[in-house]
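Report on the structure given below.
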Amino acid sequence: MIIKKEILFIWKGNLFKYNLNDGNSTIQKITKTEFDSYFKETSLPKEMNQISKEDKYASSLNSLEEFCNKSYIQTANEHFSSFFIYLYDNIFAAYLNVNIIFDNAEIDYICVDKKFLRKSISFQLISLFETICKQENFSKIDKILLEVGALNEPAINLYHKLGYKKISERKNYYKSKEDAFIMEKIL
């Protein structure tokens, strides 16, 4: 049995779908009705909030629910924020939130539901995001920045594998007083 894997994303106010099962994996523009059909039972901010509750770095936010709601509204109304949503057999498995600032991008947050860890979902989300960043018809991005917990070895290893380099450190960045590494990748 083939498990259906898709990434939905919002880019500059437009909605897209990327089918990971398709051999040629093309990006398709979709309607809001089609996009919303994936979230019949709930809403996107609620799905984000549910997954984020289990993540120790998300829990460092002052109001997780408020973050999810504001991020979704900003993405829908403004063009500097984008979401990539990973659906694993039609189940909301992960999301990536990014901000675009001129020709730079910042990975604001990536979260994977615990049930879907170790399935290369983060790698696939970031890889698609990087592909989009390199395409002129989407938005040419020259550099991607991110922050990662200094003790989050799986994430740091993933970022190194994807070609990100540590450029700085923020002391006591998280509520837990854990430091954060600032990493970048030049595209």
Side-chain angles (χ1 to χ4, degrees), residues 5-30 35 44 48 51-52 55 57-58 67-68 70-72 74-88 93-112 116-170 173-174 179-187:
K5 299 176 197 170
E6 295 176 299
I7 297 174
L8 304 178
F9 64 98
I10 303 169
W11 192 269
K12 293 192 173 186
N14 295 299
L15 306 167
F16 298 91
K17 175 172 68 172
Y18 182 74
N19 184 342
L20 293 158
N21 297 89
D22 185 358
N24 56 5
S25 299
T26 56
I27 296 169
Q28 301 171 343
K29 193 170 184 180
I30 61 174
F35 183 87
L44 183 54
M48 291 169 51
I51 289 175
S52 302
D55 185 278
Y57 295 99
F67 167 79
C68 293
K70 280 185 177 178
S71 295
Y72 178 66
Q74 282 179 339
T75 299
N77 296 330
E78 301 171 16
H79 299 281
F80 70 87
S81 185
S82 292
F83 272 106
F84 291 74
I85 301 131
Y86 195 102
L87 298 171
Y88 190 92
Y95 70 90
L96 169 68
N97 173 232
V98 298
N99 294 313
I100 310 300
I101 304 108
F102 300 111
D103 58 352
N104 293 321
E106 179 184 9
I107 294 177
D108 190 32
Y109 197 70
I110 186 165
C111 192
V112 179
F116 298 100
L117 293 174
R118 309 290 180 251
K119 294 185 183 298
S120 297
I121 290 174
S122 294
F123 181 88
Q124 293 171 56
L125 282 168
I126 295 170
S127 294
L128 176 60
F129 169 59
E130 289 178 358
T131 298
I132 299 299
C133 286
K134 294 174 188 175
Q135 294 183 14
E136 292 289 337
N137 58 331
F138 279 98
S139 181
K140 185 73 172 95
I141 304 294
D142 296 324
K143 176 172 60 175
I144 301 172
L145 294 163
L146 62 87
E147 292 162 340
V148 61
L151 302 177
N152 191 346
E153 288 185 34
I156 293 167
N157 291 337
L158 169 68
Y159 297 135
H160 281 185
K161 181 178 177 182
L162 287 163
Y164 289 78
K165 308 274 187 245
K166 177 183 166 190
I167 60 168
S168 188
E169 191 171 331
R170 290 187 175 171
Y173 183 71
Y174 296 101
D179 296 344
F181 294 153
I182 299 172
M183 301 181 82
E184 85 174 348
K185 180 174 182 178
I186 305 297
L187 299 177

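Reckoned from all heavy atoms, side chains included, excluding hydrogens, waters and symmetry mates.
- Using cut-offs of 30° and 60° on the angle between ring planes, the pair Trp11 and Phe9 is perpendicular.
- Every residue two or more places apart in sequence or in another chain that forms a ring pair (Phe, Tyr, Trp, His ring centres under 6.0 Å) with Tyr159 is listed here: Tyr164.
- Between Glu6 and Tyr18 there is no side-chain heavy-atom pair separated by less than 4.5 Å.
- With sequence neighbours left out, Tyr173 forms a ring pair (Phe, Tyr, Trp, His ring centres under 6.0 Å) with no residue at all.
- Surrounding NZ of Lys166 are more than 12 heavy atoms belonging to other residues, nucleotides or ligands, all under 6.0 Å away.
- Expressed to the nearest 0.5 Å, how far OG1 of Thr131 lies from CD1 of Ile126 amounts to 12.0 Å.
- A salt bridge does not link Glu184 with Lys165: none of the charged nitrogens is closer than 4.0 Å to a carboxylate oxygen.
- Taking CD1 of Ile186 as the reference point, atom CD1 of Ile141 lies at 12.0 Å (rounded to 0.5 Å).
- Taking the ring axis of Phe35 as reference, the NZ or CZ atom of Lys17 does not stay both within 45° of it and closer than 6.0 Å to the ring centre.
- In terms of modelled atom types and a separation under 3.5 Å, the side chain of Asn97 and the main chain of Asp108 share no donor-acceptor contact.
- Using bins of under 30°, 30° to 60° and over 60° for the plane-to-plane angle, the ring pair Tyr95/Tyr109 lands in the tilted bin.
- Judged as a ring pair (Phe, Tyr, Trp, His ring centres under 6.0 Å), and not counting sequence neighbours, Phe181 has no contacts.
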